[in-house]
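This report concerns only the one structure given below.
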2 protein chains.
Amino acid sequence: MATIKDVAKHAGVSVATVSRVLNEIGYVHEDTRKKVEAAIGELQYTPNEVARSLYKRKSRLIGLLLPDITNPFFPELARGVEDEMHENDFRIIIGNSDENIKKEKEYIQTFVQNNVVGAIASTNHPDTDTYRKLNIPVVFLDRTADNRPSVYSDGREGGRIAAHEMVARGSREITIIQGPKHVRPAQDRYQGAADILSDQGILFNVVQTSSYSFTEAGTWAKELFEQYPNTDGVIASNDIVATAVLHEALRLGKKVPDDVQIIGFDDILLSSLLTPSLTTIRQPAYDMGRAAASLLIQLIENQNIDHKTIQMPVTFTERDTTRKVEQHG
Amino acid sequence: MATIKDVAKHAGVSVATVSRVLNEIGYVHEDTRKKVEAAIGELQYTPNEVARSLYKRKSRLIGLLLPDITNPFFPELARGVEDEMHENDFRIIIGNSDENIKKEKEYIQTFVQNNVVGAIASTNHPDTDTYRKLNIPVVFLDRTADNRPSVYSDGREGGRIAAHEMVARGSREITIIQGPKHVRPAQDRYQGAADILSDQGILFNVVQTSSYSFTEAGTWAKELFEQYPNTDGVIASNDIVATAVLHEALRLGKKVPDDVQIIGFDDILLSSLLTPSLTTIRQPAYDMGRAAASLLIQLIENQNIDHKTIQMPVTFTERDTTRKVEQHG
DNA sequence: TTTATATGTGTAACCGGTTCCACATTAAGG
DNA sequence: CCTTAATGTGGAACCGGTTACACATATAAA
């Protein structure tokens with residue numbers, strides 16, 4: 001690889017001059033610029049970002065920490081982040097935490113060691129020292145952190161909508177599947193749904209889960225119908241779990257949505273392709289990723305920012321696991 | 001952030017000594033080591049990877065280039081790569097190429113500029129200068145490159161199996177959906193299937209596609225049944241496309257698998273969850289990712305390697321979009 | 001014409017590590 | 001007791017960039 005010295009020698013100037021034309025900073029004579037540019041072209045020189053980063057104490061890299069890219073919701077987020085970052089010439093170091101604090105810390109440390117300029121993290125522990133002590137901007141994605149920059153969707157409202165729509169469509173003995181205790185958005189969704197049902201005095205059961213894995217989801221789905229056989233409506237913690245419930249219901253010979261209605265959360269690709277297709281509360285994942293990236297860039301560039309916390313809207317996406325309500329009016 | 005100088009001062013030694021204890025190289029007196037380790041602990045010092053990387057001219061970073069992480073096949077690969085790399089203390093810079101040469105080049109350049117020690121690429125152009133001129137090891141994943149390190153599954157064999165099983169289950173007018181022309185594995189699959197059908201003298205049609213996007217897949221599915229209404233078997237280029245075909249067939253009132261059989265490729269999560277669930281040719285994506293990472297690490301560490309090319313087995317995964325064959329014997 | 005200012009370029013310090021080398025001290029061998 | 005090898009440590013060069021500063025020349029203003 002050619003270095004700046006090679007270019008300098010080749011063009012018959014000093015490295016400082018080469019640096020000036022590279023960065024378009026300071027005075028450089030037109031003729032000199034041309035010589036340097038020619039040399040750069042001939043040697044196919046591209047500056048070493050590592051050296052640059054060392055001196056400047058910041059790179060063009062940002063860290064992206066996600067729970068598990070294998071969960072279909074996260075690639076959408078990741079892609080949104082990447083697209084926005086790429087357009088702004090930032091690159092991404094990625095890590096999967098598996099919701100595991102140790103791995104999370106490890107990755108954050110890697111980010112710091114590599115001089116990232118900022119990070120986007122989807123974590124359940126935004127209030128730990130791991131983040132508080134960081135002196136780079138961090139945007140929390142899909143998870144809130146009070147008073148810290150974050151992009152998330154309104155899980156509570158989502159839960160409310162789900163409960164409301166399900167009741168409006170006639171379910172009277174509802175089971176809510178409560179997501180993993182340590183996953184914040186899952187608890188918000190649960191809380192929203194529970195609030196509405198309590199308010200309306202509707203009976204509901206709760207099934208507690210501890211992960212989003214599909215295999216385990218099957219087990220909980222079985223458990224659900226064993227424990228609460230009269231359930232006529234299920235509000236699931238996400239679409240993966242909802243899918244497992246749908247399969248179990250069908251396996252038990254229940255008619256969906258006639259015997260049981262099901263509402264999921266997220267709206268991943270899968271949801272629209274199931275038979276019957278899954279009614280769900282949609283989160284604009286890709287847009288959330290882009291928004292987080294955009295916010296982080298503003299933070300990095302130290303622009304004044306009005307809204308450090310961006311709440312994205314959640315939408316009821318009606319498909320075939322819920323009954324239709326008659327048109328009024 | 002504390003630097004090595006701070007640690008040295010704090011411990012009352014030189015930076016060289018601190019470096020020695022960090023790297024466990026050369027002679028260091030036990031007492032000195034303890035002092036240094038104490039200082040490191042107190043200052044919460046972690047070495048700056050950038051400085052290290054600059055001097056050594058290599059980092060602990062590897063580049064991972066994928067077409068599109070939004071396509072459910074790739075997160076599996078990515079996760080396999082990440083897990084293997086993480087266990088070996090390598091971190092990942094990720095990029096989505098969208099099968100676009102310009103973006104691909106950009107990312108490869110970023111990798112080089114950041115001193116990555118190696119790269120894993122899923123590209124259709126492994127034989128370009130972009131890769132040939134690189135002086136870091138590269139492993140091609142999911143895509144072959146003759147005589148270059150690569151991990152892929154036997155697409156041709158997969159195509160053959162699909163054709164064979166479909167014929168064995170009675171389809172006689174088969175339509176093969178040929179994946180994008182520029183995507184190598186897609187062409188292999190097509191070729192494998194076409195070979196078998198030709199050999200057996202079975203009539204088949206071909207529908208040409210140009211991407212893996214689900215929305216477009218719907219269009220091709222429509223086209224398929226318009227152009228070849230008598231199709232009684234579809235071999236799709238992957239599970240996404242197969243899903244679109246399944247939906248279109250159902251929409252047209254065809255019975256699957258009685259009127260039309262469908263075989264996909266990849267075996268993504270979605271496939272097992274459809275109704276009817278999708279018969280497909282499974283690729284061990286996660287394991288492929290791990291294998292690629294492991295191979296790259298060997299290459300980086302310059303170990304002697306027997307098999308620079310790893311072909312992973314492909315398996316017929318029978319589900320409900322194909323008819324059952326009777327047990328013989 | 002003289003002075004102030006703008007333009008153009010090179011030298012060298014610096015970023016935070018690693019490693020070569022010189023030098024000192026201690027332990028082992030004859 | 002002397003020589004040699006092993007052990008222990010620090011100074012300084014180096015990796016490849018960026019930038020403060022000094023210096024030279026050209027241009028504009030007085």
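Just so we're on the same page: letters track the sequence lines, and every chain starts at 1. Given the structure is predicted, the values throughout are model-derived calculations rather than measurements.
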>> Tell me which pairs pass ring-ring contact (aromatic ring centres under 6.0 Å, His included) where either residue lies in residues 115-145 of chain B, with sequence neighbours left out.
In response: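 Applying ring-ring contact (aromatic ring centres under 6.0 Å, His included) to every pair that reaches into residues 115-145 of chain B, excluding sequence neighbours, yields B:Y131-B:F140.
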
> Considering only D:dG10, C:dG17, D:dT18, which nucleotide approaches the side chain of B:T17 most closely?
Replying inline: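 Shortest atom-to-atom distance from the side chain points to D:dG10.
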
For [X] and [Y], does a side-chain donor sit closer than 3.5 Å to a side-chain acceptor?
{"X": "B:R57", "Y": "B:N115", "result": "no"}
{"X": "B:S97", "Y": "B:E104", "result": "no"}
{"X": "A:E49", "Y": "A:S59", "result": "no"}
{"X": "A:E99", "Y": "A:N124", "result": "yes"}
{"X": "A:H86", "Y": "B:E106", "result": "yes"}
{"X": "A:D68", "Y": "A:Y212", "result": "no"}
{"X": "A:N114", "Y": "A:T110", "result": "no"}

Sort me out a list of protein N/O and nucleotides 4-7 of chain C N/O pairs below 3.5 Å, or just none if empty.
from, atom 1, to, atom 2, distance (Å)
C:dT7, OP2, A:Y27, OH, 2.5

When you check the phosphate oxygens OP1 and OP2 of [N], does a side-chain N or O of [X] lie under 4.0 Å from one of them?
{"X": "A:R57", "N": "C:dC15", "result": "no"}
{"X": "A:T32", "N": "C:dT9", "result": "yes"}
{"X": "B:N23", "N": "C:dT18", "result": "yes"}
{"X": "A:S14", "N": "C:dG10", "result": "yes"}

For [X] and [N], give me the distance from atom [atom1] to atom [atom2], rounded to whole Å.
{"X": "B:K56", "N": "C:dG17", "atom1": "NZ", "atom2": "P", "answer": "13 Å"}
{"X": "B:I4", "N": "D:dG11", "atom1": "CD1", "atom2": "C1'", "answer": "14 Å"}
{"X": "B:K58", "N": "D:dG16", "atom1": "NZ", "atom2": "P", "answer": "14 Å"}
{"X": "B:N114", "N": "D:dG17", "atom1": "CG", "atom2": "P", "answer": "13 Å"}
{"X": "B:N115", "N": "D:dC15", "atom1": "CG", "atom2": "C1'", "answer": "10 Å"}
{"X": "B:L22", "N": "C:dT19", "atom1": "CG", "atom2": "P", "answer": "11 Å"}
{"X": "A:K5", "N": "D:dG17", "atom1": "NZ", "atom2": "C1'", "answer": "9 Å"}
{"X": "B:I40", "N": "C:dG17", "atom1": "CD1", "atom2": "P", "answer": "10 Å"}

Distances under 3.5 Å between nitrogen or oxygen atoms of protein and nucleotides 20-27 of chain D:
none

> Checking B:R91 against A:Y107: charged group under 6.0 Å from the ring centre and within 45 degrees of the axis?
Replying inline: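 Verdict for A:Y107: a cation-pi partner in B:R91.
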
> Is atom CG of B:N147 surrounded by more than 12 heavy atoms (other residues, nucleotides or ligands) closer than 6.0 Å?
Replying inline: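 Result for CG/B:N147: open.
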
> Of B:I25 and A:G12, whose closest DNA chain C nucleotide lies nearer the 5' terminus?
Replying inline: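 First, find each residue's nearest nucleotide; the 5'-ward one identifies A:G12.
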
> So what does B:V13 touch, heavy atoms closer than 4.0 Å: a base, only the sugar-phosphate, or nothing?
Replying inline: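 Counting heavy atoms under 4.0 Å across all strands, the contact made by B:V13 is with sugar-phosphate only.
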
> What does A:T3 touch in the nucleic acid at a heavy-atom separation under 4.0 angstrom: a base, only the sugar-phosphate, or nothing?
Replying inline: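 Sugar-phosphate, no base atom in range.
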
